[in-house]
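Structure, as structure tokens:
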Amino acid sequence: MPGTDRTGLAGPLRRALAEAGWLPSSGAEPALPREAFRGAAAEPVVGVDLGGTKLHAVLYDPARHLLLDRVERTDPRGGTAVTSQIAGLVASLTAAAGSEGRPSRVAVGCPGAPDPVTGAVGHAPNIPGWDRMNVPADLEARLGTRPLVHNDANLAAWGEHVWQPGGADLAFVAVGTGVGLGLVLGGRMHAGTRGLAGEVADLPFGADPFDPANLVHGPLEQQVSGGGIERRYHELAGRRRPAPEVFAAAAEGDGAAVQVLDELGRLLALALRAVRAIVDPATFVLGGGIGSRPETLAATRRWLTVTEGDSLQVRTSTFGARAAVAGALAAAVAA
């Protein structure tokens with residue numbers, strides 16, 4: 001996907017993101033009068049981030065220089081219930097903005113691997129039914145426009161690439177409920193032939209890759225995820241704590257929690273080294289509810305220093321939990 005701004009909206013949208021506190025304000029973008037946007041360029045753009053538990057949509061209306069967002073709980077039924085939910089959320093945002101008609105530029109990020117030929121989304125167990133339907137076609141029937149559908153980690157990588165200065169090759173490692181990797185190589189999102197590039201959950205680290213229990217979520221994801229942190233803490237401490245509480249316990253000196261976070265950093269360091277060995281990006285960005293935490297970055301850097309010194313550039317996401325939807329907006333602008 002080229003990084004061309006086909007609408008002229010990238011500058012104003014960047015300013016809107018800065019004004020909303022999503023980006024550091026540079027003051028470089030001048031205010032533009034409403035009449036600067038006419039025709040297609042005046043139409044709103046929409047970015048959607050679909051997760052297993054949360055659906056987040058953001059609309060930017062250039063005519064009013066207005067940024068609106070809505071968050072809902074993802075319909076657990078999956079399938080057409082979720083495509084209908086996305087369409088309803090887009091319609092709700094459009095009405096709230098007072099815009100006429102429907103947005104013609106919509107980009108959707110989702111877990112798993114969207115197949116560019118069939119439109120099915122595989123490797124997304126939290127969105128049942130999407131592996132058996134043409135998702136873009138179904139959304140088109142509901143939205144009135146053909147949306148872009150990309151892996152959410154790829155869009156998160158794209159957002160970090162587009163909205164931040166530099167423009168170098170980048171790998172976005174999302175760690176939260178699951179584990180994913182988004183790649184921007186040569187100024188384009190890199191998804192692979194079948195959309196499976198970056199499925200680092202399948203890396204054979206941390207658990208037996210041939211164990212049937214690890215064939216759905218992958219060996220790395222079984223360990224490096226919210227559920228993996230909770231299971232490992234239970235193994236060490238004999239009691240259960242959700243992942244955020246494990247981080248809090250580590251800060252208070254709980255030995256089991258400290259060990260869990262140290263192991264998390266070690267496995268992430270191994271995963272980053274594996275990715276580096278294949279595509280060698282200039283920068284790694286850690287995102288997601290767990291990846292964005294400073295403790296995760298610190299633990300990962302400690303283990304990287306053992307083998308790599310300071311050669312790997314690793315930072316946390318600029319956008320935090322909003323990384324994928326920020327990337328979806330960037331993709332919609334370039335559509």
Side-chain angles (χ1 to χ4, degrees), residues 51-54 56 71 73-74 111 125-126 152-153 156 171-181 200-209 211 213-214 216-276 283-310 312-324:
T53 59
K54 183 180 71 174
H56 186 190
V71 177
R73 186 173 181 81
T74 303
N126 291 333
D152 51 1
F172 185 98
V173 183
V175 186
T177 304
V179 178
L181 173 76
V200 291
D202 292 331
L203 287 175
F205 301 143
D208 182 0
D211 185 334
N214 299 329
V216 175
H217 294 284
L220 183 67
E221 185 168 289
Q222 288 288 71
Q223 305 300 316
V224 180
S225 63
I229 287 173
E230 293 166 19
R231 283 190 298 273
R232 183 57 176 149
Y233 183 81
H234 181 245
E235 291 172 2
L236 294 172
R239 61 185 184 277
R240 299 188 183 278
R241 273 181 157 165
E245 290 186 13
V246 175
F247 278 90
E252 295 170 358
D254 182 311
V258 169
Q259 182 175 337
V260 170
L261 298 195
D262 185 62
E263 292 176 0
L264 169 69
R266 180 177 181 275
L267 288 171
L268 279 175
L270 285 173
L272 266 55
R273 289 185 65 201
V275 173
R276 191 276 311 269
T283 303
F284 286 93
V285 179
L286 299 183
I290 291 169
S292 293
R293 298 188 67 114
E295 304 97 319
T296 303
L297 177 64
T300 304
R301 280 177 169 169
R302 278 199 305 273
W303 279 102
L304 286 172
T305 300
V306 172
T307 56
E308 306 295 330
D310 296 325
L312 261 69
Q313 300 301 310
V314 186
R315 63 173 174 84
T316 53
S317 168
T318 301
F319 296 99
R322 297 179 292 209

Check: [Y] main-chain N/O paired with [X] side-chain donor or acceptor under 3.5 Å:
| X | Y | answer |
| --- | --- | --- |
| Arg232 | Gln259 | no |
| Trp303 | Leu264 | no |
| Thr74 | Lys54 | yes |
| Glu221 | Gly178 | no |

Please name the pair of heavy atoms, one in [X] and one in [Y], separated by the smallest distance, quoted to 0.1 Å.
| X | Y | value |
| --- | --- | --- |
| Arg315 | Thr283 | NE-CG2, 4.2 Å |
| Leu181 | Ala153 | C-CB, 3.6 Å |
| Gly226 | Ala243 | O-CB, 4.0 Å |
| Gly180 | Val200 | C-CG2, 3.9 Å |
| Ala237 | Ala256 | CB-CB, 3.9 Å |
| Ala271 | Leu220 | CB-CD2, 3.9 Å |

Evaluation steps, side-chain contact (heavy atoms from CB on, under 4.5 Å), between Phe205 and Val224: CA-CA 10 Å; Phe205 301 143; Val224 180; over 6 Å; no
Name the one of Thr316, Leu268, Val175, Leu261 that satisfies side chain to side chain contact (heavy atoms under 4.5 Å, CB included) with Thr296?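 Passing option: Leu268.
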Got a second to check how far [X]'s [atom1] is from [Y]'s [atom2], nearest 0.5 Å?
| X | Y | atom1 | atom2 | value |
| --- | --- | --- | --- | --- |
| Arg276 | Gln313 | CZ | CD | 12.0 Å |
| Glu295 | Asp262 | CD | CG | 13.5 Å |
| Ser292 | Leu286 | OG | CG | 8.0 Å |
| Thr300 | Leu267 | OG1 | CG | 9.5 Å |

Item to check | CA sep, side-chain torsions, deciding dist, call: Val260, Arg241, side-chain contact (heavy atoms from CB on, under 4.5 Å) | outcome: CA-CA 12 Å; Val260 170; Arg241 273 181 157 165; over 6 Å; no
Salt bridge (Lys or Arg N to Asp or Glu O under 4.0 Å) partners for Arg273, two or more places apart: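 With neighbours one apart ignored, the set is Glu308.
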Review point. Should the pair Arg266-Glu263 be classified as a salt bridge under the 4.0 Å nitrogen-to-oxygen rule?
Key: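 No, this pair does not count.
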Is the count of non-hydrogen atoms from other residues, nucleotides or ligands lying under 6.0 Å from Arg73 atom CZ greater than 12?
->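 12 or below, so no.
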(Q) For Arg240, I'd like to know if atom CZ has over 12 heavy atoms of other residues, nucleotides or ligands within 6.0 Å. (A) no
Just jot down the side chain to side chain donor-acceptor pair (under 3.5 Å) partners of Glu230, sequence neighbours excluded, or say none.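 Here no residue qualifies.
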